[in-house]
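Protein chains get the first letters and strands the later ones, always in sequence-line order, with residue 1 at the start of each. The shown structure was predicted, so the numbers you read here are calculated from the model rather than taken from an experiment.
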Amino acid sequence: MSLPQPDNYEMYQSYNDLQEEGPLMSPNSSLLDQMREKMPDETVATYMKEETGQKHENFHDNTTAQLVSADEIDKAPVYFLETKPNLERSISLQKWRCVITSVNRQDSTFIAKLINLTQKGIDEEAEFYIEEISDGDKELIAEGAIFYWNIGYHYSHTGQQTRISHIRFRRLPTWTEEEIQKAKDEAADIKDSLGWK
Amino acid sequence: MEIKPKIKGMTIVLIGDFNPKILSPVWHANQGLIRKEEGEKAETQIVHPDVTTFNLDWMRFQVTRNQYVLETWQETCEDILHDIVLGTFRLLRHTPLKKLGINTQSHFKIDSEEQWHEIGHKLAPKEIWKNVFKNPGMVSLTMQDMPRTDGLNGYIRVDAQPSTRVHPGVFIRVNDHYEAKDISSVTGADEIIDIFENNWNNSLEHSTNIITTLMEQLI
Amino acid sequence: METAPRQNEIEISVLGPGYGECILIHIGSNHWFVIDSCIKSGETNPAALDYFDLINVDPSNAVKLVIATHWHDDHIRGLGQIFQACTNATFICSEALKCDEFLNLIRIYGADSSIETSGSDEFQTIIEELKKREKEKNGAQDILKFAVADRPLWNSSVEDDIGVNCSAHSLSPNDSALLASRLEFANIFPENISYKNNLPMLHPNQTAVVLLIEVEEFSILLGADLEENKKHESWSIIINSKTRPQNKASFYKIAHHGSQNGDHPKIWDELLVKNPVAVLTPFSKGSVFLPTKQDIKRICSNTNEAYTTSPPGRKKRLKRDNRTVEKTIRETVGKKINLKNPFYGHVRFRIQPGQKGQVELFNDAEELCSNT
C-alpha cells in the first residue's frame with residue numbers, strides 16, 4: 001500500500017501547484033478520503049488503541065536502523081484534518097545570532113553578545129528581560145545558550161502586516177554517547193601525537 | 001535601489017530512506033527539536049508508516065519513505081529549519097541520505113505590467129517565437145550551473161516565472177542541489193549532513209546573491 | 001607608526017580591546033614575542049599581523065614565542081592564525097591546559113561546527129598546527145612548552161645567535177590552581193547539559209599565565225587576567241614566592257583590566273619599581289565596565305604613567321538607517337544595546353639602553369590619569 005513517490009523532488013511555487021501536483025493534496029477530496037482508500041479501517045483503528053503497556057519484540061524498520069517501541073506504534077496519533085495552505089509569512093529586516101554571556105536571575109535579565117547576520121562584522125551586546133522570552137524557551141536560558149533574534153514584518157493570511165521582534169532559542173540536542181566517546185578518543189590521539197604525557 | 005522580495009520562502013528537501021512514523025510532532029518535541037507545546041499542538045494531518053505530515057504555525061513538514069521536506073515562508077524562521085534538520089539527522093545518523101536541496105524562493109512585486117512584460121522579454125526574447133506563436137509569453141525558465149564550483153556533486157538551478165502570489169510579479173527559485181559521492185552505497189546520514197552543515201551559510205548567501213543580481217539586471 | 005624598532009630598542013606594544021587583547025614585545029635584533037591576540041571589531045585579520053605588516057616585520061622569522069595566557073576565544077581571537085604565520089615560534093600556554101579534561105573539551109566543542117564561535121576554535125587551530133609541526137620536526141626546537149609558577153620559558157644571551165640577554169619566566173598558575181581548573185573543565189564538559197551551547201568561560205581565570213620578561217636591565221610584568229580573592233590567593237602566592245626572579249619590573253601590563261580583583265597592593269611595592277609605566281585594556285559587559293572610577297584612582301595613586309588602549313566606560317551605539325528596526329530594538333531592549341568593542345587603541349613603549357623610554361598613543365589610546 002505504498003503511495004506513488006516522485007523520483008526527484010518538485011518544488012512548488014504556491015500551494016495551488018502543490019495541490020495539483022501532489023497525490024496527497026488533491027483539492028477534490030479530503031485527505032481523510034484519500035487515506036481511507038488506501039488504509040483499511042482496521043489498520044486506522046490500531047493506531048487509536050489505548051496504551052497496553054505491552055512491549056513487542058524490537059522492531060527494526062528496514063529503512064533506518066532506529067528501534068521503534070511498541071508504545072509508539074500503538075499510540076501514533078492519526079488525525080485527519082483538511083489541509084490548509086500556509087499563507088502566514090514574514091520578512092526579516094535585521095537578524096542576529098546571539099550568545100548569552102551572563103544571566104541575572106535576581107533582576108530577571110540576561111546579557112547576550114549579538115552577532116549581526118545582516119551587517120556582518122558589526123557585533124553588539126544587549127540586555128534582555130527574561131519575560132521577553134517565550135515560555136517554551138525559558139528553560140534554555142543559560143550562559144552559552146544561543147538564540148536567534150529577528151526584527152521584521154509578519155503578514156497574516158488576510159494580509160495584515162505586523163511589526164515583529166522574534167526571539168527563538170536554538171535547539172541542537174546534546175551530544176550522543178557516540179560523539180562524546182569519539183571526542184575523548186580523538187583527544188587521546190592528540191596527546192599521543194604531541195608526546196603530551 | 002534596494003530590491004526586496006514581497007514574499008520569501010525556504011524549503012529543505014532530502015532524498016533518502018526514511019521511516020515516516022518515527023517523525024511525528026511528539027517525537028520532535030521529545031527530542032527537543034521543537035518546543036513541547038508545538039509538539040502537542042501541531043496540526044497533524046497524518047502519521048503513518050508511509051507518510052507523516054504536520055504543520056506548525058511557521059513551518060510545514062512532510063516525510064514519505066524517500067523524501068523529507070521542511071518548508072517555511074517566514075524568513076525569521078529559516079535558521080530554525082536548519083537546526084531541525086541538523087538535530088534530526090545527528091540523532092538518526094543511520095538514516096541513508098542521498099541528496100539534499102536547499103531551496104530559496106522569492107516573489108517580487110513589479111511596479112507595472114509594462115515593466116513585468118519587459119522582464120519576461122529580457123529573460124526569454126520573443127523574436128524567434130513570433131515565427132511559430134501568435135502571442136508568445138514566458139511561462140517558466142530554468143537555468144543550471146553544473147558541475148558545482150565547490151567540488152561537490154550536484155548543481156545549482158534557477159527557475160524564473162511570473163509570480164502566482166503577487167501580480168504583477170516575478171518568482172525566482174534557487175535550487176542548491178547536492179548529492180552524495182556514491183549514491184548507491186550510502187549507508188547513513190553523515191555525508192549529506194556534513195555537507196549541509198558546512199555549506200548552509202554559503203548556500204544562503206550565494207542564493208541571495210543570485211536572486212539579487214538577477215533582479216538588479218531585470219528591473 | 002610605520003617604523004620598526006631599532007636593533008637594540010625594546011618595544012612593548014599593547015593592542016586592544018577587540019575580541020581579545022594582544023601584547024607584542026621586541027627584545028632586540030628583530031626578535032619578537034607575541035602574547036595573546038585580538039581582532040578589531042569588523043575585521044578578520046589579527047591586529048598583531050597587521051602591525052607586523054605595517055612595520056615590515058616577517059613573523060615567520062622574527063617571532064620566537066607565541067604565548068596564550070588565556071584559553072577562551074573571546075580573549076585570544078586570531079591566535080591560531082598568528083601561530084600559523086609564526087612558523088619558527090614556540091607555542092606556550094598554561095600548564096593547567098595540559099590535561100585530558102581540557103583536551104576533551106576542545107575536541108567535543110571544536111568538532112561541532114554547528115556551534116560557531118564555540119570558544120574553543122583558536123585552540124583547535126593551534127593544536128592542528130602543533131600536530132603538523134611535530135610531524136615535520138627536524139631539529140631540537142621546542143614547538144610547545146607549558147607555563148607554571150616560577151618556570152623559566154626562555155633564555156638567551158649576547159653570545160648566542162639571538163644576541164640579546166633575555167629571559168622569560170611564568171609566575172603562574174600555581175599548583176592549587178592547576179588542580180582546581182582541572183575540576184572546573186570536567187564540570188563544564190557537556191555530559192550534563194541538555195543542548196549544545198557555546199563553551200562558557202570560567203571565572204575567575206585560574207589558568208592565567210603571568211609573565212616576567214627581562215631584557216638586559218629592563219623588566220616587564222604582564223599580569224594577564226589573574227585575579228585574587230579569598231578562595232584563590234593567586235597574587236599573594238606569586239608575591240611570596242622565593243623561587244621567582246626577584247627583579248622589579250619597570251613596565252606593567254595591568255592585570256584583569258585594572259579591576260579590584262586583579263590587584264594586590266604588594267604588586268606595586270614588591271614586583272614593580274616606583275612609578276612604572278602601566279598599561280591596561282578596558283573591558284565591558286552589559287553595565288559592567290572595567291576599570292571603574294575607583295580602579296583608575298587606585299592605579300593613578302601608584303603611578304602617574306598609566307595608559308589605556310581605549311577610553312574606559314565609554315559606550316557606543318550602532319546608528320541604523322532603518323526606522324522600523326531602530327524602533328523595535330528600543331521596544332525590546334530599550335537603550336541597553338551597544339556596540340561590542342567599538343574602540344580600539346595601541347599603546348607603544350620603546351626604550352633604548354641608557355635612555356628614557358617613550359610612550360606613543362595611537363587610535364583610541366589615551367592617558368589613564370589625565371581625568372583624575
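Here the OH-NZ distance, from Y155(A) to K6(B), works out to 5.0 Å after rounding to the nearest 0.5 Å. Rounded to the nearest 0.5 angstrom, K95(A) NZ and E78(B) CD are separated by 4.5 Å. From T72(B), atom OG1 reaches atom CD of E88(A) across 10.5 Å, with rounding to the nearest 0.5 Å. Once rounded to the nearest 0.5 Å, the distance linking CZ of R170(A) with NE2 of H82(B) reads 6.0 Å. The CD1 atom of I167(A) lies 12.0 Å from the OG1 atom of T76(B); values are rounded to the nearest 0.5 Å. Rounding to the nearest 0.5 Å gives a distance of 7.0 Å between CZ of R165(B) and CZ of R89(A).
Of the atoms belonging to K8(B), heavy atoms from both backbone and side chain fall under 4.5 Å from chain A. Using a 4.5 Å cut-off between heavy atoms, Q31(B) touches chain A through its backbone atoms (N, CA, C, O) alone.
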* E139(A) and K36(B): CA distance, side-chain angles, deciding distance, side-chain contact (heavy atoms from CB on, under 4.5 Å) verdict -> CA-CA 11 Å; E139(A) 57 176 356; K36(B) 192 160 163 279; over 6 Å; no
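The pair K120(A)-E205(B) meets the salt-bridge criterion, since a charged nitrogen lies less than 4.0 angstrom from a carboxylate oxygen.
Of the listed residues (H166(A), E178(A), R168(A)), the one with the most heavy-atom contacts under 4.5 Å to chain B is R168(A). Among the candidates D137(A), D135(A), I164(A), the residue making the largest number of heavy-atom pairs closer than 4.5 Å to chain B is D137(A).
More than 12 non-hydrogen atoms from other residues, nucleotides or ligands lie less than 6.0 angstrom from NZ of K138(A). The environment of E131(A) atom CD is dense: over 12 non-hydrogen atoms of other residues, nucleotides or ligands sit within 6.0 angstrom. Heavy atoms of other residues, nucleotides or ligands lying less than 6.0 angstrom from NZ of K109(B) number more than 12. Within a 6.0 Å radius of CD in Q115(B), other residues, nucleotides and ligands contribute more than 12 heavy atoms.
Looking at every heavy atom in both residues, R35(B) comes nearest to S134(A) through NH2-OG, 3.5 Å.
Here the side chains of E75(B) and I91(A) are in contact, with some heavy-atom distance below 4.5 Å.
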